[in-house]
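Right, one structure below, let's go through it.
Sequential numbering from 1 along the given sequence is applied to the chain's residues. Note that the coordinates shown come from a computational prediction; the quantities given were computed from them, not determined experimentally.
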Amino acid sequence: MGIQFRKRQKYGPLVLNFTENGFSSWSIKIGRWSWNSKSRAHRVDLPGPLSWKQDKSRA
């Protein structure tokens with residue numbers, strides 16, 4: 001497995017994700033809740049190392 005380039009730029013609650021091929025996806029994070037444009041999934045951070053995820057494509 002080789003080295004992969006990833007970069008994240010944050011502008012308040014908006015996060016832009018880049019890979020070696022350019023723009024990858026964007027996401028919004030407000031408090032413990034976040035949503036990603038590529039996976040179209042909602043995620044809520046729970047206490048400790050846990051999180052809850054709802055994938056819209058499977059719901």
Side-chain angles (χ1 to χ4, degrees):
M1 179 163 57
I3 297 174
Q4 294 181 338
F5 172 81
R6 290 190 303 169
K7 182 172 176 113
R8 300 177 78 197
Q9 291 183 339
K10 294 183 180 182
Y11 301 100
L14 180 65
V15 180
L16 302 176
N17 302 302
F18 297 91
T19 63
E20 65 251 2
N21 296 327
F23 179 73
S24 173
S25 66
W26 60 274
S27 57
I28 296 174
K29 182 163 177 64
I30 301 172
R32 293 179 175 229
W33 175 84
S34 64
W35 182 80
N36 184 282
S37 67
K38 189 170 187 176
S39 63
R40 298 187 184 268
H42 297 270
R43 184 179 300 264
V44 177
D45 294 332
L46 299 174
L50 303 174
S51 68
W52 174 82
K53 179 182 173 186
Q54 179 183 12
D55 190 352
K56 285 294 186 182
S57 62
R58 295 181 190 166

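Separating the NZ atom in Lys53 from the OG atom in Ser39 is a distance of 5.0 Å, to the nearest 0.5 Å. The structure places CG of Leu16 at 6.0 Å from OH of Tyr11, a figure rounded to the nearest 0.5 Å.
Legend: salt bridge (charged side-chain N to carboxylate O under 4.0 Å, His left out) pairs involving residues 4-23, not counting sequence neighbours: none detected.
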Legend entry - Asn36 and Asn17: CA distance, side-chain angles, deciding distance, side chain to side chain contact (heavy atoms under 4.5 Å, CB included) verdict: CA-CA 10 Å; Asn36 184 282; Asn17 302 302; 4.0 Å; yes
Inset, instruction - Could you give me the CA-CA distance, side-chain angles and deciding distance for Asp45 and Lys29, then say whether side chain to side chain contact (heavy atoms under 4.5 Å, CB included) is met? - result: CA-CA 10 Å; Asp45 294 332; Lys29 182 163 177 64; 2.9 Å; yes
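Considering only residues two or more places apart in sequence or on other chains, Ser37 meets the side chain to side chain contact (heavy atoms under 4.5 Å, CB included) condition with Ser25, Trp26, Trp35.
Taking the six-membered ring where the residue is Trp, Phe18 and Phe23 present perpendicular rings, their angle passing 60° and hence far from 30°.
Hydrophobic clustering places Ile30 together with Leu14 (ILVMFWY residues linked when any side-chain heavy atoms are closer than 4.5 Å, directly or through intermediates).
Taking both residues in full, the closest heavy atoms of Trp33 and Val44 are given as CD1-CG2, 4.1 Å, listed atom of the first, atom of the second, then distance.
Residues His42 and Ser34 are not in side-chain contact: their nearest non-hydrogen atoms beyond the backbone lie 4.5 Å or more apart.
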